[in-house]
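The next block holds one structure in the form of structure tokens; read it before the comments.
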Amino acid sequence: MQLQWYPGHMTKAKRAMQEDIKLIDVVIELVDARIPFSSKNPDIDSLASGKSRILVLNKADMAEQAATKQWEKYYEAKGYFAVAVNATKRNELKAIHPLIQKACKEKIERDRKRGILNRPVRAMIAGIPNVGKSTFINSFAGKSCAKTGNKPGVTKGKQWIRLNKQVELLDTPGILWPKFEDPAVGLRLAFIGSIKDELLNRTEVAMELIGFIRKSYPGKIEQLYHVGETGKPEEILERIGMVRKCLAKGETVDFERTSALILDDFRHTRLGTLSLEFPAAV
């Protein structure tokens, strides 16, 4: 299935980032640990060219731990400072501070030689919608600085946040890129909720998710829903709807409600900690 979503406000946000990047020492990019490749915006690479880079694999508690370790090594080999976290756990974010100092070591040394002492490092927080940037900032700062929500596009404008004497953060709105060259990338973004559900055919998305889970994590669907995993994804979807009583008039399965249920179960890890892509496949 083809998925495209690039509202006008994203063009504006990208333009603003191009201006703001001149003020920045390091770019901290958040990706979703379940899809660290598909949730990484290639536009940020061009915007942040020449800047120090930190890649935060957020929502690591929702992904398969072994796969996340592989992704950390994958991005470290590409020159990023990479770290996996659950941004809702503030103690896990302590690892970010030394990474910022390490990433900006040359800049700090240049300032010192010029006699500029204690100038804060300026870090831009970037990432696509719904990877948890606002939650990350609030946990990192230890206070509620940014709006949070479970829908993409909650953060609309930019805001500077003073973390401490050493670091200032610039929050930016989540932006996608204009076109997904690989349809599978758009599909994975739909799975995690980075594209608004209202813009999707949820039944198609849910059936694709069923197909992936059955192939990559056999037994998970049967374990949660107590239905067989044989047959077409549509048949499995129908069985789940019957078991979970997602019924329309005439006792027929309401596919829309059942699809919403499955996507919600996946996004809240009721199906377990699952990774949707692996370094060996990219």
Side-chain angles (χ1 to χ4, degrees), residues 27-41 44 53-100 102-103 125-140 148 150 152 174 182 184-194 205-206 208-225 229 262-282:
V27 175
I28 301 175
E29 183 179 359
L30 268 71
V31 296
D32 189 302
R34 294 167 293 181
I35 54 167
F37 183 79
S38 293
S39 61
K40 191 175 185 312
N41 186 343
I44 293 173
R53 306 290 301 277
I54 295 173
L55 194 76
V56 177
L57 290 84
N58 191 27
K59 306 188 182 183
D61 56 310
M62 297 181 165
E64 189 183 324
Q65 192 174 17
T68 302
K69 290 287 183 191
Q70 291 172 25
W71 281 113
E72 283 183 289
K73 290 177 183 174
Y74 173 88
Y75 280 115
E76 282 167 0
K78 290 186 174 292
Y80 294 87
F81 294 92
V83 61
V85 302
N86 169 6
T88 63
K89 300 288 178 68
R90 193 182 173 202
N91 64 310
E92 291 190 19
L93 303 187
K94 290 176 182 175
I96 308 291
H97 284 290
L99 277 188
I100 292 173
K102 199 180 290 186
I125 307 295
I128 68 168
N130 219 35
V131 291
K133 291 191 307 301
S134 296
T135 301
F136 171 83
I137 288 169
N138 291 339
S139 291
F140 198 30
T148 60
N150 57 6
D182 181 356
V185 169
L187 192 58
R188 291 179 197 124
L189 292 171
F191 290 161
I192 69 166
S194 285
V205 174
E208 292 280 1
L209 182 60
I210 286 170
F212 171 83
I213 294 173
R214 178 175 62 175
K215 180 181 176 182
S216 301
Y217 295 95
K220 290 284 187 183
I221 290 169
E222 187 170 353
Q223 185 181 346
L224 180 63
Y225 300 113
E229 295 185 356
I262 291 166
L263 289 172
D264 190 67
D265 284 341
F266 165 72
R267 291 168 187 171
H268 289 86
T269 63
R270 296 181 197 110
L271 279 154
T273 52
L274 312 179
S275 291
L276 302 182
E277 58 188 12
F278 305 87
V282 302

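Computed over heavy atoms, backbone and side chain alike; hydrogens, waters and symmetry mates excluded.
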Test item: Val205 and Leu209 side chains (from C-beta on) under 4.5 Å apart, heavy atoms: no

All salt bridge (Lys or Arg N to Asp or Glu O under 4.0 Å) counterparts of Asp182, not counting sequence neighbours: none

Separation between OG1 of Thr135 and CZ of Arg90, rounded to the nearest 0.5 Å: 14.0 Å

Whether Ser39 side chain and Asp32 backbone form a donor-acceptor pair below 3.5 Å: yes

Positive for side chain to side chain contact (heavy atoms under 4.5 Å, CB included) with Glu229, one of Ile213, Ile210, Ile221: Ile221

Distance-minimising heavy-atom pair for Val27 and Ala126: CG1-CB, 4.3 Å

Residue pair Arg34 / Pro36: nearest heavy atoms and the distance that separates them: C-CD, 3.6 Å

Side-chain heavy atoms of Leu187 within contact of Phe212, under 4.5 Å: no

Trace of the side-chain contact (heavy atoms from CB on, under 4.5 Å) decision for Leu55 with Lys78: CA-CA 11 Å; Leu55 194 76; Lys78 290 186 174 292; over 6 Å; no

Side chain to side chain, Tyr75 and Glu29, heavy atoms closer than 4.5 Å: no

Phe140 side chain reached by Val85 side chain, heavy atoms, under 4.5 Å: no

Nearest non-hydrogen partners of Thr273 and Asp61, listed with the distance: CG2-O, 3.1 Å

Heavy-atom neighbours of Gln65 CD exceed 12 at 6.0 Å: no

Pairing residues for Pro279 by the side-chain contact (heavy atoms from CB on, under 4.5 Å) criterion, not counting sequence neighbours: Gln70, Trp71, Tyr74

Pairwise side-chain contact, Ile35 with Leu276, heavy-atom cut-off 4.5 Å (strictly under): yes

Contacts of Tyr225 that satisfy side chain to side chain donor-acceptor pair (under 3.5 Å) - sequence neighbours left out: Asp265

Beyond-backbone contact of Met62 with Ile192, side-chain heavy atoms, under 4.5 angstrom: no

Distance-only donor-acceptor check, side chains Tyr217 and Glu64, under 3.5 Å: yes

Shortest non-hydrogen separation from Leu93 to Ser139 and the atoms involved: CD1-CB, 3.5 Å

Taking every non-hydrogen atom, the tightest pair across Lys59 and Asn130: NZ-O, 2.9 Å

Arg53 versus Ile44, closest heavy-atom pair with distance: NH2-CG2, 3.7 Å

4.5 Å side-chain heavy-atom contact, Glu208 and Phe191: yes

Close side-chain approach of Arg270 and Asp264, heavy atoms under 4.5 Å: yes

Euclidean distance, Lys69 NZ relative to Leu57 CG, rounded to 0.5 Å: 10.5 Å

